[in-house]
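One structure is given below, encoded as structure tokens.
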Amino acid sequence: MLRLGVIGLGLRASHMVRAMRNADPELHVAAVADPDGEAALQRLRQMNLGDNGTLTCQTAEQLLEQADRLDGLLIGTRCHLHTPLAVQVAGTGLPLFLEKPVAIDAEQLQALNQAYRGKEDQVVVSFPLRVTPLFRTVLEIVRSGRLGKINQVQAINNVNYGGVYFGNWYRNYDQVGGLWLQKATHDFDYINHLLGQTPLTIAAMSTQGVYGGDRPFDLRCSACDQTQSCPESPRNQALRGDTGGMKKDDHWCAFSQGIRNQDAGSAILLYSPGLHASYTQNFITRRGAHRRGAIITGYHATLEFDWATDSITIHDHHDHRVDRITVKPTGGHSGGDAALVTSFVKLMRREEPGSYANLRDGLISAAICLAARESVLTQTFQPIVPPWQSASDHPTVQMTAV
């Protein structure tokens, strides 16, 4: 039997626990730390995992007192707690499944790096995109040399459920750290993995042109006098048959003051003097406008892939050949969740030396997101400095206008 401890058993953590059980039927949730222990047990029952013998704790400290009886831990709390809890877990030496973002500010980034120095491979960061069947196919094509020398990546994330970041708890900036850390952390990670490099500098901008406004921050639809006309009210969402992620029932007003999440953002990342990437994210897109993927341009060919359509298209540059590939996944996050939990289960069983997406990957991605956030505030290029490197040691690149 594999004994798992869970700190924070919300919807995402519940989904991942179920995926772990699917990967290994011998996995058992031995202990749960959650402020609402009864609700946590109810989720276990709903997933047909049962609660026979599951210890419920009010705090992570109480759960960690049982660490010697566990084979691994999962942290699925709100984002601002990921780092402090992971630092506590580090001393146990247990394999850890850590939700993203791994940190939401520079201080947390440094603390997490210090706690896991030399043990980064014992952490599986929740980066499912890099291990989806679609992306693995893309990676195989790129590494085969089919595209030739690559000089540019153009990545896009048009989110068709963006309302979740404005009408639900994700709107709480101090808990999530903003939408670079919440969403772009996935995309920056797969671009890094694709190119096999860490970017040197970033220039970013973001705008809030639709959501936000002058309504009270704590206003809910049920107390609003504009539910008849508001396009995001539950009534009008039901009429058009699409929530856009906002929520089917009562939710906070997406047009209220105090919302700091951008509804669009763009960034340019310099990887080397001959290679750069662009990235855009948008949170007001809906329905079939959903896109997530990238165009990768090399000397011999251009490859375009999209998780929204499960498709890859390759255009050769020097002849008339066009290849179209469809990769149909199963499971959450286009099949990436299953690959991640399989990696974690193998870590718990000591069958693999390290994870598919380790903490070093998570720290690099978070460092890029924090640099993007700073670039937006200062309207300047920002160096991307991993927490194990000092700013004075950061490589500089001389860029000459062409």
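Here the structure is a predicted model, which is why all the values come from computation and not from measurement. In this chain, numbering begins with 1 at the start of the sequence shown.
- Annotation: the span from Asp121 atom CG to Arg360 atom CZ amounts to 10.0 Å, rounded to 0.5 Å.
- Atom CD of Glu38 is surrounded by more than 12 heavy atoms from other residues, nucleotides or ligands within 6.0 Å.
- Using a 4.0 Å cut-off between charged side-chain N and carboxylate O, Arg240 and Glu232 make a salt bridge.
- The closest donor-acceptor contact from the side chain of Gln66 to the backbone of Ala30 lies at 3.5 Å or more, if one exists at all.
- Of the options Thr309, Asp187, Asn158, a side-chain hydrogen bond (donor to acceptor under 3.5 Å, both in side chains) to Arg292 is made by Asp187 and by none of the others.
- A salt bridge is absent between Asp189 and Lys100; no separation between the charged side-chain nitrogens and carboxylate oxygens falls under 4.0 Å.
- Annotation: Ile268, atom CD1; neighbour count of heavy atoms from other residues, nucleotides and ligands within 6.0 Å does not exceed 12.
- Taking both residues in full, the closest heavy atoms of Asp71 and Pro95 are given as O-CD, 3.4 Å, listed atom of the first, atom of the second, then distance.
- Residue-environment remark: CZ (Arg235) exceeds the threshold of 12 foreign heavy atoms within 6.0 Å.
- Side chains of His251 and Pro234 form a contact here, defined as non-hydrogen atoms less than 4.5 Å apart.
- Residues Thr185 and Val102 fail the side-chain proximity criterion, which asks for heavy atoms closer than 4.5 Å.
- A distance of 3.5 Å separates CD1 of Ile364 from OG1 of Thr198, quoted to the nearest 0.5 Å.
- More than 12 heavy atoms of other residues, nucleotides or ligands lie within 6.0 Å of CZ in Phe217, so this atom counts as buried by the packing criterion.
- Not a single donor-acceptor pair under 3.5 Å links the side chain of Glu140 to the backbone N or O of Val138.
- Closest approach of Val6 to Leu63, counting heavy atoms only: O-CD1, 3.5 Å.
- Checking side-chain atoms of Tyr211 against main-chain N and O of Gly163 turns up no donor-acceptor pair under 3.5 Å.
- Closest of all the heavy-atom pairs between Phe97 and Leu340 is CE1-CB, 4.2 Å.
- A side-chain donor-acceptor contact under 3.5 Å links Gln42 and Arg45.
- Across all non-hydrogen atoms, the minimal contact from Phe188 to Ala267 is CZ-CB, 4.5 Å.
- Around CD of Glu351, the count of heavy atoms belonging to other residues, nucleotides or ligands within 6.0 Å exceeds 12.
- What you find for Pro199 and Ile368 is that their closest heavy atoms are CG-CD1, 3.5 Å.
- Under a cutoff of 6.0 Å and an axis angle of 45°, Arg12 and Tyr170 do not form a cation-pi pair.
- Between Thr380 and Gln382, the side chains place a donor N or O and an acceptor N or O closer than 3.5 Å (distance only, hydrogens not considered).
- With Gln122 contributing its side chain and Leu359 its backbone, the two residues share no donor-acceptor pair below 3.5 Å.
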> Are Arg215 and Asp225 close enough, and set up right, to give a salt bridge (Lys or Arg N to Asp or Glu O under 4.0 Å), and what steps lead you there?
Replying inline: CA-CA 11 Å; Arg215 307 289 283 174; Asp225 59 1; 3.2 Å; yes
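- The aromatic rings of Trp307 and Phe305 sit perpendicular to each other, their planes meeting at more than 60°, with 30° as the lower class boundary.
- Asn192 and Tyr271 are linked by a side-chain donor-acceptor pair at a separation below 3.5 angstrom, with hydrogens and angles left out of the test.
- Side-chain N/O atoms of Glu99 and Ser126 include a donor and acceptor closer than 3.5 Å.
- Looking at Ser334, its side chain never comes within 3.5 Å of a backbone N or O of Pro329 through a donor-acceptor pair.
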> Please walk me through it: do Thr302 and His317 pass side chain to side chain donor-acceptor pair (under 3.5 Å)?
Replying inline: CA-CA 7 Å; Thr302 291; His317 292 173; 2.8 Å; yes
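- Across Gly336 and Val131, no two heavy atoms sit closer than the pair O-CG2, 3.5 Å.
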